[in-house]
Q: 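Here it is, the structure in full.
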Amino acid sequence: MIYNCSKPMNAISHLVDADYMNKCRAWLASNPDATVEDWYRRFSRVVTFDSSAHNRIVKIGPAADPIYSAIGAKFFFRLAGLSYEELASTLPASERMALLEGCRKLTATPVAERWDCVHTFYEMLRVLIKEHSIDPASFRWLSIDVRSGDLAHEILTGEITGDDGLARMQRTEQLASLKAYKATWLKLRPKLDPIFEAQGIPRPMTFADAYQNGSPALFPAMGKALYDAGLRFDAELSGESRTFDTPPETVKHFIDNCPPFRAVLLALLLSWYNTSLRVGNKSEKLAAGRNDLFMAVYLPLCDIFVTRDSGQEKCLRELRKYLGSPAAEIMSFDEFAGLCA
């Protein structure tokens, strides 16, 4: 992780237009059931890029100018923390700084009204889990601020992104995480053979089958593990070492009332299907890496999600079927470029 999460968006004075913020507060006061997110989406659709889309828009050079212009005029751009972590691990430095400049162009709007930055998936879940644990009954996920002031500050200053040593460290960490994630699911595969044999049933041929048969048991188990881990992580940030054993009904409430959390569970379930269950070329292939799948956490937070990775696009389209509302429309980069023309 290349930046901490201590700086709230509204603490960055040079991002905030006072008149805009006063209008926002007045609108919220007159609409007590609305959230800040409702205010953002009054006039603009929210767009988020996967790192593959960030790479493409920089690579095409001047041909990207109409896209930058359209985003500034027609959309609200939401920069995903997980995408930026991948961009910040790019080597050499010249390419990394070009990607930073691309992010600056995407967020180059007159006031804060047209863009923001949101946390990586693990920090977002920590924040949401913490708020839910305080008072599940009154939890409203869209009212929880999951924006990252530190990332917004970094986009403007490039203080960390320009450090080659940190970029190499970030790249090493990213590659290790990807490798360990895949290895976990591969190791599970042979352990499942006796279970299928004992039950006399075949391995699932499609993700739909895996979802129907696996989600009733796996969602509660994976959900509880993630929920308790989020509480432990939050405690560690305060210097505490604690264990947690959240009641299953509390976890179920969170799964049912927090779409970003459900999206991560779906990503895990798809990894389980594709790496631990799938039967070679005889079954539906839905292959994408750890980060590509965990980008699903942003689908409830935007209206359009743009990617240039065909494998990721296919996987996220499949996950979207089971996510429910809200969930972004998933577009290829070329589709989105055509929309901006």
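Numbering starts at 1 and runs along the sequence shown. We use all heavy atoms of the structure for the numbers below, so side chains are in, but hydrogens, waters and symmetry mates are not.
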Q: Quick one: list whatever passes side-chain contact (heavy atoms from CB on, under 4.5 Å) with Asp163, sequence neighbours left out.
A: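 In terms of side-chain contact (heavy atoms from CB on, under 4.5 Å), with neighbours along the sequence ignored, Asp163 is linked to Leu166.
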
Q: Using 30° and 60° as the class boundaries, would you call the ring planes of Phe261 and Phe254 parallel, tilted or perpendicular?
A: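 The arrangement is tilted - the two ring planes meet at 30° to 60°.
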
Q: If you compare all heavy atoms of Phe121 against all heavy atoms of Tyr298, which two are closest, and at what distance to 0.1 Å?
A: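 So the minimum-distance heavy-atom pair works out to N-OH, 3.7 Å.
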
Q: To the nearest 0.5 Å, how far apart are OG in Ser51 and CE in Met295?
A: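 If we round to the nearest 0.5 Å, Ser51:OG and Met295:CE are 6.5 Å apart.
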
Q: From Asp164 CG over to Leu91 CG, what is the distance, rounded to the nearest 0.5 angstrom?
A: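 Asp164 CG to Leu91 CG: 7.0 Å, rounded to 0.5 Å.
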
Q: What are the two closest heavy atoms between His253 and Asn257, and how far apart are they?
A: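 In this case the closest contact between His253 and Asn257 is O-ND2, 2.7 Å.
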
Q: Start with the C-alpha gap between Phe294 and Leu125, add the side-chain angles, then the distance that decides, and say whether side-chain contact (heavy atoms from CB on, under 4.5 Å) holds.
A: CA-CA 11 Å; Phe294 284 162; Leu125 293 188; over 6 Å; no

Q: Is there a chain of hydrophobic side chains (I, L, V, M, F, W, Y, each step under 4.5 Å between heavy atoms) that links Met97 to Leu106?
A: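 Yes, Met97 and Leu106 fall within the same hydrophobic cluster.
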
Q: How far does OG of Ser215 sit from CG of Asn213, to the nearest 0.5 angstrom?
A: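 That separation rounds to 8.5 Å.
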
Q: Indicate yes or no for a side-chain donor-acceptor contact from Ser148 to the backbone of His119 under 3.5 Å, with no hydrogens or angles considered.
A: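 Side chain of Ser148 to backbone of His119: no pair is present.
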
Q: Taking side-chain contact (heavy atoms from CB on, under 4.5 Å) as the test, write out the residues that go with Glu249, two or more places apart.
A: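 By the side-chain contact (heavy atoms from CB on, under 4.5 Å) rule, Glu249 matches Pro247.
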
Q: Should Leu270 and Leu293 be marked as a side-chain contact (heavy atoms from CB on, under 4.5 Å) after you check the CA-CA gap, both sets of side-chain angles, and the distance that decides it?
A: CA-CA 8 Å; Leu270 193 145; Leu293 290 178; 4.0 Å; yes

Q: Could you check whether any side-chain N or O of Ser30 sits under 3.5 Å from a backbone N or O of Trp27, counting only pairs where one atom can act as donor and the other as acceptor?
A: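 Such a contact is found between Ser30 side chain and Trp27 backbone.
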
Q: Can you name the closest pair of heavy atoms from Cys302 and Val46 and give their distance?
A: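 Where Cys302 meets Val46 most closely, the heavy atoms are CB-O, 3.6 Å.
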
Q: For the residue pair Pro260 and Pro300, establish whether any side-chain heavy-atom pair is separated by less than 4.5 Å.
A: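 Side chain of Pro260 against side chain of Pro300, heavy atoms only: contact under 4.5 Å found.
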
Q: Taking only residues two or more places apart in sequence, or in another chain, which ones meet Glu37 in a salt bridge (charged side-chain N to carboxylate O under 4.0 Å, His left out)?
A: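 Only Arg41, Arg78 meet the salt bridge (charged side-chain N to carboxylate O under 4.0 Å, His left out) criterion with Glu37.
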
Q: Let me check something: do Leu188 and Leu268 share a hydrophobic cluster, defined by ILVMFWY side-chain heavy atoms less than 4.5 Å apart, either directly or through other members?
A: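 Leu188 and Leu268: one cluster.
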
Q: Could you pull out the closest heavy-atom pair between Thr250 and Pro136, with the gap in Å?
A: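 So the two residues come closest at CG2-CG, 4.3 Å.
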
Q: Identify the residue among Thr90, Thr157, Leu87, Thr161 that makes a side-chain contact (heavy atoms from CB on, under 4.5 Å) with Leu100.
A: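 When side-chain contact (heavy atoms from CB on, under 4.5 Å) is applied between Leu100 and each of Thr90, Thr157, Leu87, Thr161, only Thr161 qualifies.
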
Q: Holding to side-chain hydrogen bond (donor to acceptor under 3.5 Å, both in side chains), I want the full list of residues that pass it with Arg56, two or more places apart in sequence or in another chain.
A: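 Per chain and number, Arg56 pairs via side-chain hydrogen bond (donor to acceptor under 3.5 Å, both in side chains) with no residue.
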
Q: With sequence neighbours left out, what residues match Thr35 under side-chain hydrogen bond (donor to acceptor under 3.5 Å, both in side chains)?
A: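 Once residues adjacent in sequence are excluded, the partners of Thr35 under the side-chain hydrogen bond (donor to acceptor under 3.5 Å, both in side chains) criterion are Asp38.
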
Q: For His54, check side-chain hydrogen bond (donor to acceptor under 3.5 Å, both in side chains) against everything at least two apart and list the hits.
A: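 Not a single residue meets the side-chain hydrogen bond (donor to acceptor under 3.5 Å, both in side chains) criterion with His54.
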
Q: Any idea how Tyr211 and Phe207 line up, ring-wise: parallel (<30°), tilted (30 to 60°), or perpendicular (>60°)?
A: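 Tilted.
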
Q: Does any part of the side chain of Asp303, heavy atoms only, come nearer than 4.5 Å to the side chain of Phe75, both counted from C-beta?
A: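 The answer is no; the side chains never approach within 4.5 Å.
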
Q: Hey, does Phe196 have a side-chain heavy atom less than 4.5 Å from the side chain of Leu277?
A: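 The answer is yes, as the side chains (C-beta and beyond) meet within the 4.5 Å cut-off.
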
Q: Are a donor atom and an acceptor atom from the side chains of Thr307 and Gln312 found within less than 3.5 Å of each other?
A: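 The answer is yes; a qualifying pair exists.
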
Q: According to the salt bridge (Lys or Arg N to Asp or Glu O under 4.0 Å) rule, which pairs have a member within residues 258-281, sequence neighbours left out?
A: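 Non-adjacent pairs meeting salt bridge (Lys or Arg N to Asp or Glu O under 4.0 Å): zero.
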
Q: I'd like to check the side-chain hydrogen bond (donor to acceptor under 3.5 Å, both in side chains) partners of Glu313; sequence neighbours left out, ordered by chain and number.
A: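 If we apply the side-chain hydrogen bond (donor to acceptor under 3.5 Å, both in side chains) test to Glu313, skipping adjacent residues, the hits are Arg317.
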
Q: Is there a side-chain contact between Ile155 and Tyr84, using heavy atoms and a 4.5 Å cut-off?
A: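 Answer yes - side chains close enough.
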
Q: Hey, what do you get for CG (Asp309) to SG (Cys315), rounding to the nearest 0.5 Å?
A: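 Reported value, rounded in 0.5 Å steps: 8.5 Å.
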
Q: Locate the shortest heavy-atom distance separating Cys340 from Ala70; write the atom from each residue and the value.
A: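 Heavy atoms of Cys340 and Ala70 come nearest at CB-CB, 3.6 Å.
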
Q: Hey, does Asp292 have a side-chain heavy atom less than 4.5 Å from the side chain of Asp50?
A: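 The answer is yes, as the side chains (C-beta and beyond) meet within the 4.5 Å cut-off.
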
Q: For the residue pair Asn291 / Glu85, report whether a side-chain donor-acceptor contact shorter than 3.5 Å exists.
A: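 No - no donor-acceptor pair under 3.5 Å links their side chains.
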
Q: By ring-ring contact (aromatic ring centres under 6.0 Å, His included), which residues pair with Phe219, not counting sequence neighbours?
A: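 Per chain and number, Phe219 pairs via ring-ring contact (aromatic ring centres under 6.0 Å, His included) with no residue.
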
Q: Closer than 3.5 angstrom, by distance alone: can the side chain of Arg308 be matched with the main-chain N or O of Ser52 as a donor-acceptor pair?
A: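 Side chain of Arg308 to backbone of Ser52: no pair is present.
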
Q: Using a 3.5 Å cut-off and no angle test, enumerate the donor-acceptor pairs between side-chain atoms of residues 321-332 and protein atoms at least two apart in sequence or in another chain.
A:
unit_1, atom_1, unit_2, atom_2, d
Lys321, NZ, Glu318, OE1, 2.9
Ser332, OG, Glu335, N, 3.1
Ser332, OG, Glu335, OE1, 3.3

Q: Is the number of heavy atoms from other residues, nucleotides or ligands under 6.0 Å of Arg290 CZ greater than 12?
A: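 Count over threshold, so yes.
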
Q: Would you mind writing out the side-chain donor-acceptor pairs for residues 220-237 within the sub-3.5 Å range, not counting sequence neighbours?
A:
unit_1, atom_1, unit_2, atom_2, d
Lys224, NZ, Asp228, OD2, 2.9
Lys224, NZ, Asp245, OD1, 2.6
Lys224, NZ, Thr246, O, 3.0
Tyr227, OH, His132, ND1, 2.8
Tyr227, OH, Ser133, N, 3.3
Asp228, OD1, Thr246, N, 3.2
Asp228, OD1, Thr246, OG1, 2.5
Asp234, OD1, Arg126, NH1, 2.4

Q: Would you call Lys105 and Val58 a side-chain contact if the rule is heavy atoms closer than 4.5 Å?
A: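 No, side chains not in contact.
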
Q: Given 3.5 Å as the limit, does a donor-acceptor pair link the side chain of Trp115 with the main chain of Thr107, or not?
A: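 Judged by distance alone, yes, a pair lies under 3.5 Å.
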
Q: How far does CG of Leu128 sit from CZ of Phe139, to the nearest 0.5 angstrom?
A: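 Output value for this atom pair is 5.0 Å.
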
Q: Please determine whether residues Leu192 and Leu218 belong to a single hydrophobic cluster, defined as Ile, Leu, Val, Met, Phe, Trp and Tyr linked transitively by side-chain heavy-atom distances below 4.5 Å.
A: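 The answer is yes; both residues are in one hydrophobic cluster.
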
Q: Please list all pairs meeting salt bridge (Lys or Arg N to Asp or Glu O under 4.0 Å) that have one or both residues in residues 176-193, counting only residues at least two apart or in different chains.
A: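 Residue pairs with at least one partner in residues 176-193: Asp193-Arg203.
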
Q: Does any non-hydrogen side-chain atom of Tyr181 lie less than 4.5 Å from one of Thr275?
A: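 Sidechains of Tyr181 and Thr275: no contact.
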
Q: If you group Ile, Leu, Val, Met, Phe, Trp and Tyr by side-chain heavy-atom gaps below 4.5 Å, do Ile195 and Trp272 land in one group?
A: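 Ile195 clusters together with Trp272.
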
Q: Hey, what do you get for NE2 (His153) to CG (Leu156), rounding to the nearest 0.5 Å?
A: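 Going from NE2 on His153 over to CG on Leu156, the span is 7.5 Å.
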
Q: Which pair of heavy atoms, one from Arg45 and one from Leu339, lies closest together, and at what distance?
A: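 For Arg45 versus Leu339, the nearest heavy atoms are NH2-CD2, 4.1 Å.
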
Q: For the pair Val146 and Trp141, evaluate side-chain contact (heavy atoms from CB on, under 4.5 Å) and give the outcome as yes or no after the intermediate values.
A: CA-CA 9 Å; Val146 294; Trp141 75 276; over 6 Å; no

Q: Given side chains that start at C-beta, do those of Leu82 and Val297 come closer than 4.5 Å, heavy atoms only?
A: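 Counting from C-beta outward, Leu82 and Val297 never come under 4.5 Å.
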
Q: Linking I/L/V/M/F/W/Y whenever any side-chain heavy atoms sit under 4.5 Å apart, do Ile60 and Phe77 land together?
A: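 Same cluster: Ile60 reaches Phe77 through Ile, Leu, Val, Met, Phe, Trp or Tyr contacts under 4.5 Å.
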
